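Below, chain A is the first sequence line, B the second, and so on; all start at residue 1. All figures in this text were calculated on a predicted structure; none of them were measured in a lab.
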Amino acid sequence: MRVIKPHSINELMQRVNNIAGMTLGQLAQQYQFKTPEDLLLEKGWAGQLIEYVLGATAGSKPVPDFEDLGIELKTLPISFKGKPLETTFVSVTPLLNVTGMTWQQSNVRKKLAHVLWLPILGEREITPFDRTIGSGFLWQPSAIQDAQLQRDWEEQMELIALGRVDEISGHLGDAMQIRPKAANSRIVTDAIGPNGQIIKTLPRGFYLKTSFTGEILKQQFQL
DNA sequence: AGATGATCATAC
DNA sequence: GTATGATCATCT
């Protein structure tokens, strides 16, 4: 038995509204999911549970979670104060063949074109079972937000194009940063080196900083 | 405390 | 290794 995919945005949002206020544990029981004691070994558990419950279709394919609707699902752990507790992974950072790439055609922009944010009260002192699901909402970047992301993307992708990937750290970027995205720090992938040669480096990913997602929450709930 | 760097599971 | 889902652990 699996959940059938939602056939409209309205249907999707009805499902989202129906799970608001429930705990992850309640939801997990209802759908025969096991709830881990902690997320040490299952960091993606909440996201995968919610995907299943809402009828997401993508699996591990590089397409939006709700492909037909063009919507990407992102769970967002928040504190008691309603602020994001973690950065939000967006996509892997391309390190080869980046000359000529544009923000308009980037994977980051495509991923963030239409996002279903689902806040979850995720303080570490709350066991996964008791974490409460908040009110999910749809979001599309404003012109200002898009420009903000574009600046960060272009600044950091330029360094990569110039063969300076190893100078990149999480300190760069106003709204979006580049950080490691790998099973461990010994994993390597190809990138452009300082002299234009191919070098081995740690795989990276784009992450939205908590200040940026915090503003998204603010704009949504402070109205 | 908050942010950066490191890491975990799974499918292919 | 890459892509999906992210949070953990450590340092400042």
Side-chain angles (χ1 to χ4, degrees), chain A residues 2 24 27-28 31 33-67 71-98 106-108 110-112 115-129 131 133 136 152 156 165-191 198-215 217:
Chain A
R2 62 178 174 77
L24 292 176
L27 205 56
Y31 288 89
F33 268 63
K34 288 184 179 176
T35 303
E37 287 302 310
D38 58 60
L39 300 184
L40 270 170
L41 301 183
E42 297 180 62
K43 297 176 181 176
W45 175 74
Q48 286 160 350
L49 170 64
I50 299 294
E51 275 189 348
Y52 181 85
V53 168
L54 295 181
T57 51
S60 64
K61 299 193 298 290
V63 298
D65 295 294
F66 301 97
E67 191 172 2
I71 293 174
E72 178 73 19
L73 170 68
K74 289 291 181 193
T75 57
L76 184 62
I78 59 171
S79 68
F80 292 122
K81 291 183 175 178
K83 304 216 301 179
L85 286 166
E86 296 289 346
T87 55
T88 301
F89 172 71
V90 179
S91 62
V92 170
T93 308
L95 301 177
L96 288 177
N97 308 315
V98 298
S106 69
N107 288 332
V108 172
K110 287 175 185 167
K111 280 249 180 176
L112 297 181
V115 177
L116 169 55
W117 292 104
L118 192 58
I120 296 174
L121 188 52
E123 293 279 7
R124 290 192 192 182
E125 66 190 80
I126 307 176
T127 190
F129 189 99
R131 297 188 181 185
I133 300 165
D152 289 342
Q156 296 173 92
V165 60
D166 285 333
E167 294 178 34
I168 294 178
S169 79
H171 299 89
L172 295 179
D174 179 30
M176 184 170 68
Q177 62 188 169
I178 288 179
R179 303 218 310 279
K181 170 60 172 169
N184 59 60
S185 58
R186 283 94 61 194
I187 299 292
V188 291
T189 190
D190 289 342
I198 300 295
I199 62 168
K200 294 292 187 186
T201 192
L202 189 56
R204 318 299 170 93
F206 283 106
Y207 295 79
L208 298 178
K209 300 180 72 170
T210 56
S211 55
F212 186 78
T213 51
E215 285 302 312
L217 291 175

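- Between the P atom of C/dG5 and the CG atom of A/Leu208 lies a distance of 13 Å, rounded to the nearest Å.
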Once base and sugar-phosphate atoms are separated, protein heavy atoms under 4.0 Å mark nucleotides 2-12 of chain B, 5' to 3', with B, S and - as -SBBBBBS---
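- Under a 3.5 Å cut-off, the side chain of A/Arg131 and the backbone N or O of A/Ile126 do form a donor-acceptor pair.
- Take the nearest nucleotide of DNA chain C for A/Pro64 and for A/Arg131: the residue whose nucleotide is more 5' is A/Pro64.
- With hydrogens and angles ignored, the 3.5 Å screen pairs no side-chain donor or acceptor of A/Asp190 with any backbone N or O of A/Ile198.
- Using modelled atom types, one side-chain atom of A/Lys74 and one backbone atom of A/Phe89 make a donor-acceptor pair closer than 3.5 Å.
- At whole-Å resolution of the value, CG in A/Leu49 and C1' in C/dT4 are 16 Å apart.
- Heavy atoms of A/Thr75 sit under 4.0 angstrom from primed sugar atoms or phosphate atoms, though from no base atom.
- A salt bridge is defined here as a Lys NZ or Arg NE, NH1 or NH2 lying under 4.0 Å from an Asp or Glu carboxylate O, and A/Arg124 with A/Glu86 meets this definition.
- Within 4.0 Å of A/Asp65, counting heavy atoms only, lie sugar-phosphate atoms of the nucleic acid but no base atom.
- Using cut-offs of 30° and 60° for the angle between ring planes, the A/Phe33 and A/Tyr52 rings count as tilted.
- Look at CD1 on A/Ile198: it is 16 Å from P on C/dG1, rounded to the nearest Å.
- By the side chain to side chain donor-acceptor pair (under 3.5 Å) test, A/Thr201 is found to be paired with A/Asp166, A/Arg204, residues two or more places apart in sequence or in another chain being considered.
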